[in-house]
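Model, not experiment: these values are computed from the prediction. Counting convention: from 1, in listed order, for ligands and their atoms alike. The analysis underlying the following values was restricted to heavy atoms, covering all of them including side chains, and did not include hydrogens, waters or symmetry mates. Residue numbers start at 1 and run along the sequence shown.
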Amino acid sequence: MVATTFTTFFVALNSASLTAAWASSGLNLPIPFFRIMFSLSFMFGGFLLFIEVDSLGSSPSLYRSSASTQTSRRMTGFVAVLFALQFLSWFSQPSPHSGPHPIPALMRKADLSHEMWLRQAGRSRNVNEAAKEYRRRYGRDPPPRFDRWFDFAAARGSLVIDDFDSMHEDLVPFWSLSPGDIRLRAFESISNNWNYIGGLQIRKGKTTITPHMPETHRWMVEAMEQMIEPFAIHLPDMDIPFNVNDEPRSAVYWHEMQGRLDIGLNPNQLPARDNGDFQPDRSWIPVPQESIEETRYRDATFHKTFYSYGSVACHPNSRARTERYWDLRYSCAQCRADHTQGLFVANWTAAADPCHQPDLADSHGLHLSPSTFRGTNELMPVFSQSKTHGYHDILYPSPWNYIDKSVYKPTEQDPDFEFADKESTLFWRGTATDGMSVGNGVWRGMLRQRLVHMINNATDSDESLVLLPSSYPSGSTIDGSGAYESSYKYHSIKPSTLREHLSASFGVVDHIQRCAWSDCEVQEREFRPDTHTQLDFQSHWRYKYLMDVDGAGFSGRFLPFLQSRSLPFKAGLAREWWDSRVTAWRHFVPVDVRFAELWSLLAYFAGYPEDASARDPADKTSRWVVRPHDDEARRIALEGRAWADKVLRKEDMEIYMFRLL
Ligand SMILES: *[C@@H]1O[C@H](CO)[C@@H](O)[C@H](O)[C@H]1NC(C)=O
Ligand SMILES: *[C@@H]1O[C@H](CO)[C@@H](O)[C@H](O)[C@H]1NC(C)=O
């Protein structure tokens with residue numbers, strides 16, 4: 001008994017310490033050492049087990065009765081199998097520290113999942129098939145006038161007819177509210193001007209903007225009138241609350257949400273409805289001219305919102321709700337382990353899930369110190385352009401993109417060259433606006449500041465791990481002949497060396513915004529916005545690699561980046577209406593919000609030259625440690641461009657909005 005307990009304990013202890021050491025090591029511990037320790041402890045445990053079973057026999061002697069010999073034979077077999085398994089796993093799993101580069105495999109997986117998605121996204125050829133598929137997927141009848149939607153979508157050549165799963169997920173919880181309650185919550189949201197929620201009213205197919213619309217954001221709801229206009233006559237009467245802030249609003253606690261999902265996902269519990277048209281008799285509460293007093297939203301502007309909003313939708317035992325990540329000088333390697341392969345993002349959906357990432361509390365302006373935040377823990381029917389996982393706002397296509405606030409429109413001075421003719425540089429210009437730093441130094445955690453600091457200002461004491469051929473720095477150079485390294489591992493490299501070998505141009509432009517007191521000066525000194533002039537948006541197309549990163553909410557530039565011939569690298573937590581249509585590693589390059597892999601990505605796509613002065617991929621005399629993967633980069637850039645032309649057109653925004661309403 002003692003031996004069994006000991007064995008179990010020993011094995012458990014070893015596997016736990018192995019996993020912990022592995023995960024927290026930032027990937028530079030000698031893993032083979034741990035593997036050997038693990039195997040030895042496993043063998044030792046097996047040996048103890050073996051002895052114990054032997055000692056169960058009545059005679060302590062080595063010569064036993066036949067019954068106990070049989071037991072011991074069985075045990076020997078068992079232990080042998082354990083050894084064999086351990087041995088196999090030891091040799092068959094490539095160590096994450098030395099092996100093939102993960103990017104080709106990630107690209108292949110992305111192709112596969114994109115093909116699979118595509119095959120089921122628009123299979124229905126007529127409205128009957130579409131309705132049948134709707135019932136199969138969502139367990140309920142499609143809404144009245146579904147046929148008008150189908151005709152609208154088909155006439156505009158929509159590739160996506162069946163897969164609106166993410167829209168469904170947004171809406172499911174609302175089935176737990178009565179129609180009257182939804183109307184009340186919408187009324188409250190749009191009738192108090194403090195809420196910063198603008199109302200759009202539809203009556204008999206005509207749209208009107210309700211009172212209490214913040215003037216600064218009137219353009220947003222006007223753009224929505226434009227988007228809705230082509231199909232407004234098919235819509236029932238409704239009041240739509242549009243969140244005019246960038247930050248999302250409604251985050252419901254896990255327990256409450258489980259109850260709501262139970263109702264929403266189980267159509268048997270839903271009120272019976274007519275099969276005919278929408279019910280005409282809806283008792284609307286008229287929006288008063290005078291702002292109402294009551295509100296369910298609370299102000300958390302400049303406050304850490306992660307614990308009362310950002311993570312409340314996570315299970316109470318999840319890491320986000322039970323752990324705090326304190327050591328902010330180092331990025332939390334364990335927090336990214338669930339969604340990365342090595343340092344690279346392997347699951348873009350999971351990368352935005354806060355539940356296993358307690359460090360997000362201090363890594364993004366929205367969670368750390370939003371510059372405007374009026375949120376609630378109640379389920380509110382509020383429409384937002386983007387949200388992070390954990391919020392329950394209803395996503396809708398961004399009016400920013402619909403009316404071309406940032407647009408892909410190359411000009412004569414700023415043409416969009418063929419990929420090969422672009423400059424091999426990773427480029428970002430912008431303002432540091434994901435959150436507000438009010439003299440407490442929190443800007444140091446914010447996404448954009450961390451990014452620019454890492455590229456421009458990290459000092460040599462902060463070495464970065466970069467995935468380069470295992471044999472680097474000796475004997476790894478490739479001459480252009482096409483042969484290249486098949487074994488890579490992470491090397492610690494000084495930022496100054498990386499800046500010499502890889503070309504990245506990052507700059508905070510204009511002046512430091514969203515700061516107060518000392519935080520303005522300190523950031524001015526750090527980022528020197530005066531040294532970076534603001535450029536015309538169209539000059540982006542000069543560069544092969546375009547960095548895209550969240551602002552206070554989503555980044556309005558991503559769509560034009562995708563439409564261009566350049567390759568977007570995207571980092572952030574904000575997700576938009578198109579999230580399930582666009583596939584990371586097929587249409588763009590995903591980047592973790594800790595940016596640990598950013599240099600490795602650039603080294604892979606742009607190439608890592610042996611000699612820092614010869615890093616032009618077009619230069620035939622350059623010698624490479626990692627050859628430039630121009631073909632792969634161009635492929636993703638062009639796939640993204642072609643795909644945006646198919647499923648992210650303005651027509652697609654209208655089709656999505658029609659179906660949503
Ligand atoms: C990615 O993560 C999501 C959410 O965490 C999960 O549902 C999905 O199955 C994962 N996808 C893959 C391919 O592992
Ligand atoms: C950070 O980098 C920028 C751009 O290279 C430079 O202008 C600035 O002086 C640096 N700041 C510090 C504090 O070194």
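- Looking only at heavy atoms of the protein, atom 4 (C) of ligand 1 is closest to Thr349 CG2, 4.2 Å.
- Considering backbone and side-chain N/O of Asp353, none are found under 3.5 Å from N/O of ligand 1.
- Taking every heavy atom of Asn347 and a limit of under 4.0 angstrom, the matching atoms of ligand 1 come to 1 (C), 2 (O), 3 (C), 8 (C), 10 (C), 11 (N), 12 (C), 14 (O).
- Geometrically, Arg324 engages Tyr307 in a cation-pi contact defined by less than 6.0 Å to the ring centre and at most 45° from the axis.
- At distances below 3.5 Å, at least one donor-acceptor pair connects side-chain atoms of Gln357 with backbone N or O atoms of Asp353.
- Using a 4.5 Å heavy-atom threshold, the side chains of Leu535 and His540 count as separate.
- Short contacts between ligand 2 and Arg525, defined as distances under 4.0 Å to a heavy atom of the residue, involve ligand atoms 11 (N), 13 (C).
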Margin query: Walk me through whether Thr497 and Asp460 qualify under side chain to side chain contact (heavy atoms under 4.5 Å, CB included).
Written below: CA-CA 9 Å; Thr497 312; Asp460 280 353; 5.9 Å; no

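- The nearest protein heavy atom to atom 12 (C) of ligand 1 is closer than 4.0 Å.
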Item checked: Derivation and outcome, ring-ring contact (aromatic ring centres under 6.0 Å, His included), residues Phe527 and Trp443 -> CA-CA 12 Å; Phe527 299 117; Trp443 61 270; 5.8 Å; yes

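- Ring planes of Trp541 and Phe561: perpendicular class, angle over 60° (limits at 30 and 60°).
- For ligand 2, none of its N or O atoms has an N or O atom of Arg528 under 3.5 Å away.
- Here's the thing with Asn457: one of its N/O atoms is less than 3.5 angstrom from an N/O atom of ligand 2.
- With hydrogens left out, the protein atom closest to atom 5 (O) of ligand 1 is Ala350 CB, 3.7 Å, a heavy atom.
- In this structure, Phe588 and Trp348 have perpendicular ring planes: the angle between them is above 60°, well past the 30° mark.
- For atom 7 (O) of ligand 1, the nearest protein heavy atom is 4.0 Å or more away.
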